[in-house]
K.L.:
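Please see the structure below; I have some questions.
Values below: all heavy atoms of this structure, side chains included; hydrogens, waters and symmetry mates excluded.
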Amino acid sequence: MGYVTRIVIIGGGPGGYEAALVAAQLGAEVTVVDRDGLGGSAVLTDCVPSKTLIATAEVMTTFDSSYEELGITVDQDGAGDRESKVIGVDLGKVNRRVKRLAIAQSHDITQSVTRAGVTVLRGRGRLGAGGQAVDGSREVLVDAPDGAVHSLRADAVLIATGAHPRELPDAQPDGERILTWTQVYDLEELPRELIVVGSGVTGAEFAGAYQALGSKVTLVSSRDRVLPGEDPDAAEVLEDVFRRRGMNVMGRSRAETVKRISARGEGAQEPSSPEAGEEGWIGDRVEVTLSDGTVIEGTHCLMAVGSVPNTADMGLEEAGVKLNDWGQIQVDRVSRTSAPGVYAAGDCTGVFMLASVAAMQGRIAMYHALGDAVQPLNLKTVASNVFTDPEIATVGYTAADVECGKMDAVVVKLPLRGNPRAKMQGIRDGFVKLFCRPGTGIVVGGVVVAPRASELIHPIALAVDANLTVEQVASAFTVYPSVSGSTAEAARQLHIRKRSAGES
């Protein structure tokens with residue numbers, strides 16, 4: 001194919017814009033074709049908005065049952081009863097701030113990319129039907145907002161089109177009462193009774209956030225526990241916290257249909273509008289029917305049942321790009337697809353649906369395409385986080401890997417209730433868990449369940465990435481008192497366990 005000079009990137013999310021910056025720095029001529037705004041769903045409708053909403057919810061959870069233990073009084077009217085200690089939330093104001101920050105972040109990304117010399121075209125990109133040209137280049141067609149179709153030639157193409165919320169045939173979102181996670185930011189009032197369908201990361205995060213903000217939340221899980229893909233001990237802690245805070249967690253319950261209904265109390269007169277609030281009128285509601293026939297009612301329903309890759313009608317298969325049964329693009333560890341000169345990154349690949357992984361995939365693709373030094377993607381060094389309260393952060397091999405024999409490891413789990421800093425802060429839920437190889441003591445994984453676990457996982461991620469031993473982790477100084485001190489203590493206990501087993 002020769003030296004690559006022309007790069008066309010379809011999609012402006014983390015995989016796309018990070019790739020564009022790298023390619024521009026390496027001297028390529030770069031064009032990004034973007035439909036919705038740079039930053040993609042991660043910035044506009046997913047990561048940035050949801051974590052901004054969760055940041056507000058975190059403030060609310062400060063005033064849970066621990067505030068009395070810390071000697072903090074929250075009594076707005078002096079009555080001293082429990083109801084007087086409720087702090088209200090203006091969800092409309094919260095959501096306006098959420099959208100304002102998302103747009104600002106997208107604007108900052110656009111400025112950064114254009115300053116690097118990247119051309120940004122607004123429109124929907126797809127691969128041309130002609131396939132690979134004699135010179136090895138590819139055609140990218142751009143459907144512009146004005147109806148025009150532009151043709152671009154590229155020595156390499158990166159597909160970074162992301163994904164969108166999955167919708168069930170009998171639970172169609174209407175943007176008002178039945179919602180996807182991209183639609184919740186248009187709400188002006190806090191849902192009184194929110195039903196969250198789906199207990200994966202997205203469902204758990206929103207369920208916890210709205211519970212903290214003041215909604216009465218029912219979480220419907222088709223599995224026997226929340227967060228079925230996470231560490232079982234971590235999921236157990238979170239589910240216990242959810243229930244203790246009043247959430248109705250329904251395990252092994254699959255939603256079949258969701259519909260909008262109007263209901264009223266006995267003898268009530270229909271008001272002039274559904275929200276007029278005449279006595280006895282319940283107003284617009286939603287009804288969720290489970291597979292066992294159980295019916296749940298609420299004011300709103302949030303559907304969090306997975307996502308669908310944005311790969312349809314892009315000419316991918318015609319160009320030789322292989323997709324799996326879910327429509328995700330198949331890639332190798334340097335982001336190559338099955339079609340020469342075509343790479344892919346991010347949620348459209350389904351590799352590991354995190355913004356950080358998408359960005360790394362995009363960068364790796366450009367390093368490879370432009371002949372620079374490249375290190376293939378290693379998912380066992382990826383740190384991830386569930387932004388619930390407490391947070392759940394993980395890196396490396398997991399308990400499931402140990403149980404199935406994929407990794408032979410020694411495991412230590414230290415509850416945070418024994419940590420002095422945690423005691424001072426009133427933290428009772430959470431733990432630090434470390435995994436190491438039994439012979440060498442090399443750290444191969446870890447789990448942290450704690451407030452700000454996303455910050456506490458970094459030293460463990462460094463240990464996993466650098467193949468550090470538990471002895472090296474244990475010998476590093478930690479601040480006293482600190483929650484991170486539990487990481488060093490877990491490493492010391494792993495070292496003692498090794499010695500007691502005669503494996504040091």
Side-chain angles (χ1 to χ4, degrees), residues 1-13 15-24 26-38 40-41 113-114 117-164 308-324 326-332 334-350 358 361-362 364-371:
M1 183 173 69
Y3 186 76
V4 177
T5 57
R6 296 168 299 178
I7 301 290
V8 173
I9 298 169
I10 304 177
Y17 75 75
E18 288 284 354
L21 291 171
V22 167
L26 293 176
E29 178 186 296
V30 187
T31 301
V32 174
V33 180
D34 178 72
R35 184 175 58 181
D36 301 317
L38 291 193
S41 62
V113 167
T114 53
V118 175
T119 300
V120 179
L121 288 182
R122 181 56 61 89
R124 183 181 186 275
R126 51 192 169 91
L127 294 181
Q132 195 170 17
V134 176
D135 64 357
S137 66
R138 292 273 181 180
E139 182 185 33
V140 174
L141 299 175
V142 182
D143 299 317
D146 62 2
V149 178
H150 305 287
S151 176
L152 306 174
R153 299 303 305 189
D155 299 303
V157 177
L158 175 68
I159 309 295
T161 48
H164 62 274
V308 178
N310 296 324
T311 56
D313 302 320
M314 289 188 60
L316 298 179
E317 292 177 295
E318 294 84 350
V321 177
K322 290 183 179 179
L323 308 178
N324 63 18
W326 297 277
Q328 297 163 334
I329 300 173
Q330 297 182 12
V331 293
D332 63 13
V334 291
S335 304
R336 288 179 298 190
T337 72
S338 55
V342 181
Y343 296 78
D347 289 358
C348 64
T349 69
Q361 285 181 293
I364 287 173
M366 293 302 98
Y367 292 139
H368 187 272
L370 294 166

K.L.:
Are the side chain of Q361 and the backbone N or O of G346 linked by a donor-acceptor pair below 3.5 Å?
P.N.:
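Flag set: sc Q361 to bb G346 pair under 3.5 Å.
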K.L.:
Mark yes or no for whether D143, through its side chain, and G123, through its backbone, hold a donor-acceptor pair below 3.5 Å.
P.N.:
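No.
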K.L.:
Given the rule in the side chain to side chain contact (heavy atoms under 4.5 Å, CB included) test, do N310 and H164 qualify, once you have shown the distances and angles that lead to the verdict?
P.N.:
CA-CA 7 Å; N310 296 324; H164 62 274; 2.6 Å; yes
K.L.:
Calculate, to the nearest 0.5 Å, the distance between atoms CG and NE2 belonging to D332 and H368 respectively.
P.N.:
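Answer rounded to 0.5 Å: 7.0 Å.
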K.L.:
Run M314 and I10 through side chain to side chain contact (heavy atoms under 4.5 Å, CB included) and show every step you take.
P.N.:
CA-CA 10 Å; M314 289 188 60; I10 304 177; 4.0 Å; yes
K.L.:
What distance separates T119 OG1 from E29 CD, expressed to the nearest 0.5 Å?
P.N.:
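T119 atom OG1 to E29 atom CD measures 7.0 Å (nearest 0.5 Å).
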K.L.:
Checking V142 against T31 for the side chain to side chain contact (heavy atoms under 4.5 Å, CB included) test, could you report, in this order, the C-alpha distance in whole Å, the side-chain angles of both residues, the deciding distance, and whether it holds?
P.N.:
CA-CA 11 Å; V142 182; T31 301; over 6 Å; no
K.L.:
S335 side chain to I364 main-chain N or O, any donor-acceptor pair under 3.5 Å?
P.N.:
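No, because the side chain of S335 does not come within donor-acceptor range (under 3.5 Å) of the backbone of I364.
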K.L.:
I'd like to know whether CZ of R35 has more than 12 heavy-atom contacts from other residues, nucleotides or ligands below 6.0 angstrom.
P.N.:
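Open: at most 12 neighbouring heavy atoms sit under 6.0 Å from CZ of R35.
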K.L.:
Enter the distance from D34:CG to I9:CD1 here, rounded to the nearest 0.5 Å.
P.N.:
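The CG atom of D34 sits 11.0 Å away from the CD1 atom of I9.
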K.L.:
Calculate, to the nearest 0.5 Å, the distance between atoms CZ and CG belonging to R138 and L127 respectively.
P.N.:
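Interatomic distance, R138 CZ to L127 CG, rounded to 0.5 Å: 7.0 Å.
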K.L.:
Does T337 reach the main-chain N or O of V342 with its side chain, forming a donor-acceptor pair under 3.5 Å?
P.N.:
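Yes, the answer is positive, given that a donor and an acceptor are paired below the 3.5 Å cut-off.
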K.L.:
First locate atom CZ of R336, then atom CD of Q330, and finally report the distance between them rounded to the nearest 0.5 Å.
P.N.:
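It is 14.0 Å, given to the nearest 0.5 Å.
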K.L.:
Can a donor-acceptor pair be found, under 3.5 Å and without considering hydrogens, that links the side chain of D347 to the backbone of A163?
P.N.:
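Side chain of D347 to backbone of A163, a donor-acceptor pair under 3.5 Å: no, none is there.
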K.L.:
Applying the side-chain contact (heavy atoms from CB on, under 4.5 Å) criterion to V30, which one of V120, V8, V118 satisfies it?
P.N.:
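For V30, the side-chain contact (heavy atoms from CB on, under 4.5 Å) test succeeds with only one of V120, V8, V118, which is V118.
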K.L.:
Compare every heavy atom of G15 with every heavy atom of A160, then report the nearest pair and how far apart it is.
P.N.:
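Between these two residues, the closest heavy atoms are CB-C, 4.1 Å.
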K.L.:
Say you draw a straight line from CG of L26 to CG of L21; how long is it, rounded to the nearest 0.5 Å?
P.N.:
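L26 CG to L21 CG: 11.0 Å, rounded to 0.5 Å.
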K.L.:
Can any side-chain N or O of S338 pair as donor or acceptor with the backbone N or O of K322 at less than 3.5 Å?
P.N.:
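Yes.
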